[in-house]
Amino acid sequence: MARGNFGGENDMESVATRASAPWHLWVVGVLSLLWNAFGGYDYIMSQTRNLAYMRAMTEPYGFDAQVAVGYFDSFPIWADTAWAIGVWGSVLGSLLLLGRSRYAFHAFLASLMGLLATMAYQLANPMPGLTDSGLAVGMSVLIAVVIVLLAWYVRAMTRYGVLR
């Protein structure tokens, strides 16, 4: 009976030849998880319409928290879904990076696609005052740059044999 690559000799060889994780993998992984965990926290607080959180995130910049709540209530299901994929894809990507899995790249790619779809909705339907200020667009661009850099890092670590 032919054996697949499910615990045979090839698996033992690949484990033996896998590169050890460099110190920067742990630094990048932990920092990316902290960064993306805040995105998850923001998503949960926004989805639950936590007014205290909304006030803390909008009023220092001169925006009304009630307007933000109404804006998020107006999101169509596809925009909410894209936002969820963007946020939780990045969290998953960070966890997979720490788990030394090459599939972190796919999670970051899905996250980037979710972010781009969410950005398209937000640019077509701006929150009154916020998108005009450039703050939302600037933050979205920063998030996109971080995701692209993380995906690039995962690809490099996969090429070097650090991720499996």
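Note that these values count all heavy atoms, side chains included, but never hydrogens, waters or copies made by symmetry. All residue numbers in this chain count up from 1 along the given sequence.
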Of Val30, Ile143, Val91, the residue whose pairing with Trp35 passes side chain to side chain contact (heavy atoms under 4.5 Å, CB included)
Ile143
Taking CH2 in Trp78 as the centre, count heavy atoms belonging to other residues, nucleotides or ligands within less than 6.0 Å. Is the count above 12?
yes
Any side-chain heavy-atom pair from Gln66 and Leu51 closer than 4.5 angstrom?
yes
By ring-ring contact (aromatic ring centres under 6.0 Å, His included) - contacts of Tyr160 (at least two apart):
none
Contacts satisfying salt bridge (Lys or Arg N to Asp or Glu O under 4.0 Å) that involve residues 81-90 (not counting sequence neighbours) are none
Roughly how far apart are Thr48 OG1 and Met54 CE, rounded to 0.5 Å?
7.5 Å
Please check if Tyr103 and Met113 belong to a single hydrophobic cluster, counting links between Ile, Leu, Val, Met, Phe, Trp and Tyr side chain heavy atoms closer than 4.5 Å.
no
Neighbour count >12 (heavy atoms, 6.0 Å) for atom CZ, Phe75
yes
Main chain of Val162, side chain of Arg100: is a donor-acceptor contact present, judged purely on distance under 3.5 Å?
yes
If we ignore angles and hydrogens, is there a donor and acceptor under 3.5 Å between the side chains of Tyr53 and Asp42?
yes
In this structure, CG of Leu109 is separated from CG of Leu150 (nearest 0.5 Å) by 13.0 Å
Any chance you could measure Trp88, atom CH2, to Ile44, atom CD1, to the nearest 0.5 Å?
4.0 Å
When rounded to the nearest 0.5 Å, the distance separating CH2 of Trp152 from CZ of Phe108 is 13.5 Å
Please confirm whether the backbone N or O of Trp83 pairs with a side-chain atom of Thr118, one donor and one acceptor, at under 3.5 Å?
yes
Between Val67 and Met139, is there shared hydrophobic-cluster membership here, with clusters defined by ILVMFWY side-chain heavy atoms closer than 4.5 Å?
yes
May I ask you to decide if Ser90's main-chain N or O and Ser94's side chain share a donor-acceptor pair within less than 3.5 Å?
yes
Is Met45 reachable from Leu34 through a run of hydrophobic residues whose side-chain heavy atoms are each under 4.5 Å from the next?
yes
Examine Tyr41 and Leu31 and state if one hydrophobic cluster contains both, with Ile, Leu, Val, Met, Phe, Trp and Tyr joined whenever side-chain heavy atoms are less than 4.5 Å apart.
no
Restricting to pairs with a member in residues 104-115, which pass salt bridge (Lys or Arg N to Asp or Glu O under 4.0 Å), not counting sequence neighbours?
none
Sidechain-backbone polar pair: Tyr153 side chain, Leu25 backbone, donor-acceptor under 3.5 Å
yes
Does Leu92 belong to the same Ile/Leu/Val/Met/Phe/Trp/Tyr cluster as Val87, with side-chain heavy atoms less than 4.5 Å apart forming each link?
no
Do Thr158 and Phe105 come close enough that some side-chain heavy atom pair is under 4.5 Å?
no
Atom CG of Leu116 and atom CD1 of Ile85: how far apart are they, to the nearest 0.5 Å?
12.0 Å
